[in-house]
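Written out below as structure tokens is the structure these notes cover.
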Amino acid sequence: MTDQSSNQMWGGRFAAGPDAIMEAINASIGFDQRMAAQDIAGSRAHAAMLAATGVITDSDAQAIREGLLTVLSEIQNGEFQFSTALEDIHMNVEARLKEVIGEPAGRLHTGRSRNDQVATDFKLWVRDQFDAAVSGLLALIRALLAQAEAGADWVMPGFTHLQVAQPVTWGHHMMAYVEMFGRDLSRVRDARARMNESPLGAAALAGTSFPIDRQMTAEALGFDRPAANSLDAVSDRDFALEFLSTASICAVHLSRFAEELVIWSSAQFRFVTLSDRFSTGSSIMPQKKNPDAAELIRAKVGRIYGANTALMMVMKGLPLAYSKDMQEDKEQVFDAADNWMLALAAMEGMVKDMTANRESLAAAAGSGFSTATDLADWLVRVPGLPFRDAHHVTGSLVAMAESKGCDLPDLTLEDMQSVHADITDNVYSVLTVENSVNSRQSYGGTAPDQVRAQVKRWKALV
Ligand code: ARG
């Protein structure tokens, strides 16, 4: 009864096959073939459950489960002929299963629908990517910890408004990124725990009249439990949105760090030397060594956040339950995941390979009157000025140093006393950058001891 030109899966009520343009807009096989392994794992779990609950026979389930493994190896070996007419990975696999095992293949789709099937496959795929993100973030955090440990007491300028503010330590700056990527790690873990409910068995939208065991398939696929509402289960893409928003925030962090590396590796700064392995040259300017990997990481947030926005807009206003709009979820997530993982790996490689230029950092640390706050604090602590007055006196001393073209420690005691009579020789002890950073012992501060304590805490966690 099947008309060759209409779909073999649902052609029963159709007199004609689809227009070529319909086929082009409708098919997802061009991209959802990336979920082949997840699709087959889901189907194998479903078949085993159908047999266990007596919905199909053990021998049919056995044939289905083995046949699916054959199909999987064909796909993995590149022997599988994907067909656009068969629309998506689900129907491509099932049609091939029918060729391989014959009639029992037709029993696989009992008690389920492509709606719960695609939600299950996609969740399994996204879950793997959450796990890959955990590995990528852990590796990056470890690379940062190694940098922080090596340079816990290397001084450098700290900036606000990209103007020199106060001296900080290299280790402290590295640990700031450990905190940021640590929060990303925690967001990934939260989202992964929240998404781990199985949609399988929600069927088209209403559940099924077959006596299925959703607990069994959930367990077989590593889910914590079956999703509790079948309408929600087939139309929920929160897990993909959380993946993309988590990826977006992490990509913002990567972008900020990448920007610092671009600035720091410039001839004007020379704070770091990036390795040749993560730089490129110029075809015309022989002296150039460009931080291309950092620049590309800086840019990746564009497409990752773009994917987040795109899927938010796809999901906006969709009525329950499944709508074909949701097929537009996958390419965004695939592209964002690929680029997120790549950016994490590239950043890890760059951080591992880069060399902090200790002398340049130290030279810059004392520039820009970076110990002015230490001077103001001394005026409060020793002669007992109110902070506001101390701020004013220090401002005058900075102006004096600026007009003389020298740094604060180069002012003579007479110079200083001409601004405030109570200043003594003792003030010079607080004007060095080493003293400045060592004095910042408040919890989370830049003092090397504090940095080492945070490195130790993190090492125990990762
Ligand atoms: N290719 C579809 C998707 O990615 C699978 C689900 C199709 N379901 C349906 N009722 N047409 O969303």
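What you see is a predicted model, and the numbers here were worked out from it, not measured in a lab. When a ligand or atom number is given, it counts from 1 through the structure's own listing order.
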For [X], atoms of ligand 1 separated by under 4.0 Å from a heavy atom:
{"X": "D88", "value": "1 (N), 2 (C), 5 (C)"}
{"X": "K330", "value": "3 (C), 4 (O), 12 (O)"}
{"X": "S28", "value": "1 (N)"}

So which heavy atom in the protein is nearest [atom], and how far is it from that ligand atom?
{"atom": "atom 3 (C) of ligand 1", "value": "Y322 OH, 3.3 Å"}
{"atom": "atom 11 (N) of ligand 1", "value": "R114 NH2, 3.4 Å"}
{"atom": "atom 8 (N) of ligand 1", "value": "N115 OD1, 3.0 Å"}
{"atom": "atom 1 (N) of ligand 1", "value": "Q327 OE1, 2.7 Å"}

Could you tell me whether D184 and R187 make a salt bridge, using a distance below 4.0 angstrom between a side-chain N and a carboxylate O?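 Answer for the salt bridge query: yes.
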SB check R107 E103 (cutoff 4.0 Å):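 Yes.
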Tell me the closest heavy-atom pair linking P157 and F271, and the distance in Å.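 For P157 versus F271, the nearest heavy atoms are CG-CZ, 3.6 Å.
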Does any N or O in the side chain of K123 come within less than 3.5 Å of the main-chain N or O of M195, such that one atom is a donor and the other an acceptor?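 Side chain of K123 to backbone of M195: a pair is present.
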Can T273 and T355 be counted as having a side-chain donor-acceptor contact under 3.5 angstrom?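 Per modelled atom types, T273 and T355 side chains form no pair under 3.5 Å.
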Regarding R114 and Q117, is there a side-chain donor-to-acceptor distance under 3.5 Å anywhere?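 Checked: R114/Q117 side chains show no N/O donor-acceptor pair below 3.5 Å.
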